[in-house]
Amino acid sequence: MKRNGQLAAFRRYVRENPLRAWLRRQNARYFGKVREVEFLGRRWFAYGNAAILELPAVVPLKGHRATPEGSDEWRKMVAAAARIGPGGAGASTFMSPLEKACGNAIAKSGGKFIVLSPDGFGPRWHPPREKERFCAQGRMVFLSLYPADTRKPDNATLYRRCHEMGDLVAAACSTRP
């Protein structure tokens with residue numbers, strides 16, 4: 001193996017892939033093809049349990065990557081995420097450390113996830129390994145305003161897209177009944 005960790009990654013793949021394949025087959029309704037859905041008055045590309053988009057309680061969680069852990073903003077957002085519970089969903093990219101902490105709080109509270117993806121989904125796309133169990137439980141849907149790109153967008157484009165989707169969800173959720 002050329003790089004450090006490649007052999008360990010290969011071994012993990014061989015060890016875990018049969019279980020992951022079984023999990024996807026057993027819960028095929030949540031591991032379907034990418035499809036277009038209507039959400040907040042816009043067309044999105046979706047993968048996962050699209051029924052989550054109909055929940056009355058969708059909480060936008062947009063945290064800046066520079067927010068200090070333990071700050072008032074940090075504690076308030078994580079507390080809001082912890083209150084979501086099984087009847088609601090948190091909507092975020094879940095990329096910044098604060099958003100990841102909110103995701104952990106949602107997971108513990110039994111809530112659902114709307115994961116905003118800035119780079120779309122290719123035809124063979126599937127959830128990241130660490131998120132498959134939430135998909136299998138019907139607790140996660142991935143959304144993107146963007147079709148799959150043939151090549152990965154640059155960081156500035158990804159950053160702009162994350163903010164655009166997060167702002168859209170925040171504005172629309174603030175006006176929801």
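Along the sequence shown, residues are numbered consecutively beginning with 1.
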Q. Nearest 0.5 Å, what's the CZ-SG distance between R65 and C162?
A. 10.0 Å
Q.
Ignoring hydrogens, what is the shortest heavy-atom contact between G87 and A57? Give both atom names and the distance.
A. O-CB, 4.2 Å
Q. Within a strict 4.5 Å, meaning less than it, do heavy atoms of the E73 and P68 side chains meet?
A. no
(Q) Measuring only between side-chain heavy atoms, which start at C-beta, is P127 closer than 4.5 Å to Y47? (A) yes
Q: Establish, yes or no, whether the cationic atom of R139 lies under 6.0 Å from the six-membered ring centre of F113 and within 45° of the ring axis.
A: no
Q. Do N49 and F134 pass the side chain to side chain contact (heavy atoms under 4.5 Å, CB included) test, and can you show the C-alpha distance, the side-chain angles, and the key distance before you say yes or no?
A. CA-CA 10 Å; N49 184 3; F134 297 113; over 6 Å; no
Q.
Quick check for you: to the nearest 0.5 Å, what is the distance between K131 atom NZ and H126 atom NE2?
A. 13.5 Å
(Q) Any heavy-atom pair between the side chains of D167 and K62 that's under 4.5 Å? (A) yes
Q. Which heavy atom of S109 sits nearest a heavy atom of P86, and at what distance?
A. O-CD, 3.5 Å
Q: Report yes or no: do L98 and M95 belong to one cluster of Ile/Leu/Val/Met/Phe/Trp/Tyr joined by side chain heavy-atom distances under 4.5 Å?
A: no
**Q.** Nearest heavy atoms of L61 and A81, plus distance in Å
**A.** CD1-CB, 4.1 Å
Q: Check whether any side-chain heavy atom of P97 lies under 4.5 Å from a side-chain heavy atom of W74, and answer yes or no.
A: yes
Q. Roughly how far apart are R160 CZ and M165 CE, rounded to 0.5 Å?
A. 10.0 Å
Q) Can you tell if the side chain of N104 reaches within under 4.5 Å of the side chain of V78, non-hydrogen atoms only? A) no
Q: Mind listing the closest non-hydrogen atom pair of A105 and A82 along with its distance?
A: CB-N, 3.8 Å
Q) Which heavy-atom pair separates G111 from I84 by the least distance, and what is that distance? A) CA-CG2, 4.3 Å
Q) Any side-chain donor-acceptor pair under 3.5 Å between Y159 and E164? A) no
Q. According to the interplanar angle, ranging from 0 to 90°, do the rings of F142 and F121 count as parallel (below 30°), tilted (30 to 60°) or perpendicular (above 60°)?
A. perpendicular
Q. Between E36 and W44, is a side chain to side chain contact (heavy atoms under 4.5 Å, CB included) present by the stated rule, with each step listed?
A. CA-CA 6 Å; E36 288 190 29; W44 297 73; over 6 Å; no
Q: Kindly check if the number of other-residue, nucleotide or ligand heavy atoms within 6.0 Å of CG (N155) is above 12?
A: no
Q) How about F39 and I52: do any of their side-chain heavy atoms sit closer than 4.5 Å? A) no
(Q) Could you go through R161 and D119, starting from their C-alpha distance and side-chain angles, then the distance that decides it, and tell me whether this counts as salt bridge (Lys or Arg N to Asp or Glu O under 4.0 Å)? (A) CA-CA 8 Å; R161 288 178 176 184; D119 51 358; over 6 Å; no
Q. Counting only N and O atoms by type, is there a donor-acceptor contact under 3.5 Å from the side chain of S144 to the main-chain atoms of S117?
A. yes
Q. Taking all non-hydrogen atoms of both residues, which atom of D154 and which atom of T157 are closest, and how far apart?
A. OD1-N, 2.7 Å
Q. Distance from L143 atom CG to L53 atom CG, nearest 0.5 Å?
A. 5.0 Å
**Q.** Residue pair L158 / K152, side-chain heavy-atom distance below 4.5 Å
**A.** yes
Q: Report yes if some heavy atom in the side chain of K112 is under 4.5 Å from a heavy atom in the side chain of M140; otherwise report no.
A: no
Q) What is the distance from atom CG of L116 to atom CD of E99, rounded to the nearest 0.5 Å? A) 8.5 Å
**Q.** Inter-residue atom distance M77.CE - S96.OG, 0.5 Å rounding
**A.** 7.0 Å
